[in-house]
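Quantities reported herein were computed from a predicted structural model and do not represent experimental measurements.
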Amino acid sequence: MALMDRSLREQELRLRAVLAIFSRAEQRVARLGGNVGWIGPASDAYGLGVHALRAELRVTGDHLAASLAGTVNALSASERGATSAPGCG
Amino acid sequence: VADGLIVSGGGSTAVATAELFEQAAALRQVINEIEECLARLTTLDGAISAAELRSWNEPQAMYAALSAEEKIDEAVGALRWARFTAQTLVAALDASAESYGAVERTLQQLNQVIGAKLSYALGFLFPGLAVLLAPGLAGAALTVGAAYELSPRERREALRHWLADQNDVLTNPQLVMMVRLGVMGADDFLGGMARVHPQFIELLGDEGLELLGLTTSAGLLATVATPLGALAETPVRVDRVSARTDKTPATTFEERVRRIPQGDSQVRIDRITVDGAPDRFEVYIGGTRDLSMAARTEPWDMTSNVHTLAMGDAGSYRAAQEAMRLAGIDANTPVQFVGHSQGALVASALAGSGDYDARGLLTVGGVVSQRLVPEGVPWVAIEHTDDLVPALGGNRVAPDAVLVRRQAFLGETVPSDTLLPAHELGRYRETAAMLDDAQDGRAETVLDTLNEFSRGADTVTSTRYLSRRLPN
């Protein structure tokens with residue numbers, strides 16, 4: 001089980017690194033304006049595209065946060081199991 | 001966009017607002033970041049196998065870890081969608097900039113051809129009219145010029161105020177475009193008058209070998225006007241008027257535009273001392289000070305404007321050369337040029353002369369003739385589309401130069417307290433500051449080159465030079 005714990009710890013660290021990079025991308029997209037000098041339908045379509053990108057990144061962010069939470073929970077559960085196992089009290 | 005900057009050139013055929021290029025660059029970074037996330041998540045995905053997890057006899061831990069795996073897969077899927085959306089947006093922005101550039105180039109070529117044909121036809125069909133009108137027009141121009149020169153100061157001021165009241169018309173992008181086409185068509189008009197075959201004029205003119213054009217028109221104007229006492233060149237004298245040592249060189253476009261002299265002195269030269277390297281210089285040249293057609297004491301006048309355009313022996317050009325000689329600049333000294341209006345014309349002529357080791361050029365509101373365009377010198381040209389003065393230089397043909405355009409009075413009332421407000425140095429400072437804020441990739445590449453020139457500067461000594469015309 002120690003091997004599993006080590007793998008999960010590494011997964012947690014890697015997920016945190018991914019989240020840091022992802023957060024930069026998300027902030028960059030949040031700063032994008034909807035206006036690039038176009039007028040009319042083209043401008044609306046671009047604004048819509050930026051909006052869709054923000055929504056997709058929000059969904060991605062939720063998945064990444066959930067995977068990190070799952071990893072942390074697995075680690076905690078594993079540690080709890082180890083401490084409550086016979087002979088470990 | 002209010003205050004929108006349009007950026008073109010820099011070796012690219014794309015033309016668009018700085019905002020568009022900025023967003024395309026941001027989206028490219030987003031795509032890179034998404035790809036890095038995807039690469040990291042993909043390697044993570046295989047780190048713990050599903051079989052290993054299922055064999056784990058800690059049910060709570062196992063379910064949490066399996067759920068984490070599932071969410072990683074979903075995050076990968078969502079990231080791929082986001083990457084596709086970002087790539088689509090970048091492709092749309094690039095296509096828009098390319099098609100805008102193509103439409104603009106086509107329209108410019110079409111306008112030039114139509115303007116040239118119309119000018120030729122006018123010259124061909126109405127040469128008598130031109131000959132008939134020429135003495136009258138020349139007489140009227142001379143009378144008006146003489147009256148202006150001889151009139152009391154208040155009258156001149158009144159005339160300036162009257163012209164400034166017409167700023168709504170004079171500061172109109174459509175008028176500016178017509179003036180530009182008129183300038184480009186001057187040689188065709190004369191060709192029509194002289195009954196030269198139109199294809200021969202086309203071959204020699206701006207649409208062909210570019211042997212005829214603004215330079216020949218300006219030369220002809222100077223030749224015709226000189227015997228009448230106008231536009232006659234004189235010797236010039238240059239004096240050093242002040243010197244002071246600053247701590248830092250200019251690092252932004254706005255700072256450089258701010259250093260262009262506006263008072264009596266017409267040239268400022270910054271000597272930049274860099275440890276372990278030869279001294280280098282930034283030459284700042286101011287705009288036209290005197291609008292009269294007859295040369296008086298000011299070399300930054302219309303006489304110099306016409307002679308520099310004609311690639312002749314202009315007083316302001318000689319004065320700038322002399323100031324550079326006094327500062328210690330020779331053919332091997334690294335030098336950069338910054339100029340406004342006539343200063344931009346002189347700066348580009350100096351940079352393109354081949355007499356100096358020109359390392360960079362920044363021009364604002366410049367009447368820059370096509371023949372003066374320096375090749376291989378990093379160059380940013382800022383022009384207002386409602387400024388009449390740059391239009392007098394005709395169409396620009398310098399694909400490597402980064403051209404930044406902005407309508408200074410878009411959605412604003414044009415003030416009538418000064419003549420041609422869109423040409424004022426203060427307005428160009430505003431545009432230069434916007435360009436600094438826009439962080440446009442092409443302009444930033446040139447700015448980096450300009451700044452590299454003075455990197456590691458120990459001291460910067462600024463010297464101002466005043467020039468005056470001497471009697472012949």
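- Highest contact tally toward chain A, considering only B/Ser67, B/Ala75, B/Ala18, B/Gly77, is held by B/Ala75 [criterion: heavy-atom pairs under 4.5 Å].
- Per-residue counts of heavy-atom pairs under 4.5 Å with chain B were compared for A/Val59, A/Leu68, A/Leu8; the largest is that of A/Leu8.
- The contact between B/Glu74 and chain A is made by backbone and side chain atoms together, counting heavy-atom distances below 4.5 Å.
- With hydrogens and angles disregarded, a donor-acceptor distance shorter than 3.5 Å links the side chain of B/Asn451 to the backbone of B/Thr251.
- Side-chain atoms of B/Asp386 and B/Thr171 form no donor-acceptor pair, as typed in the model, at a separation below 3.5 Å.
- For the options A/Arg31, A/Glu56, A/Arg24, heavy-atom pairs under 4.5 Å to chain B are most numerous at A/Glu56.
- Listed options A/Asp62, A/Leu15, A/Leu19 were ranked by heavy-atom pairs under 4.5 angstrom with chain B; first place goes to A/Leu15.
- No donor-acceptor contact under 3.5 angstrom links the side chains of B/Glu33 and B/Gln29, judged on distance only.
- Under 4.0 Å is where a charged nitrogen must lie from a carboxylate oxygen, and between A/Arg9 and A/Glu12 no such pair does.
- Distance alone, capped at 3.5 Å, is enough to place a donor-acceptor pair between the B/Tyr428 side chain and the B/His384 backbone.
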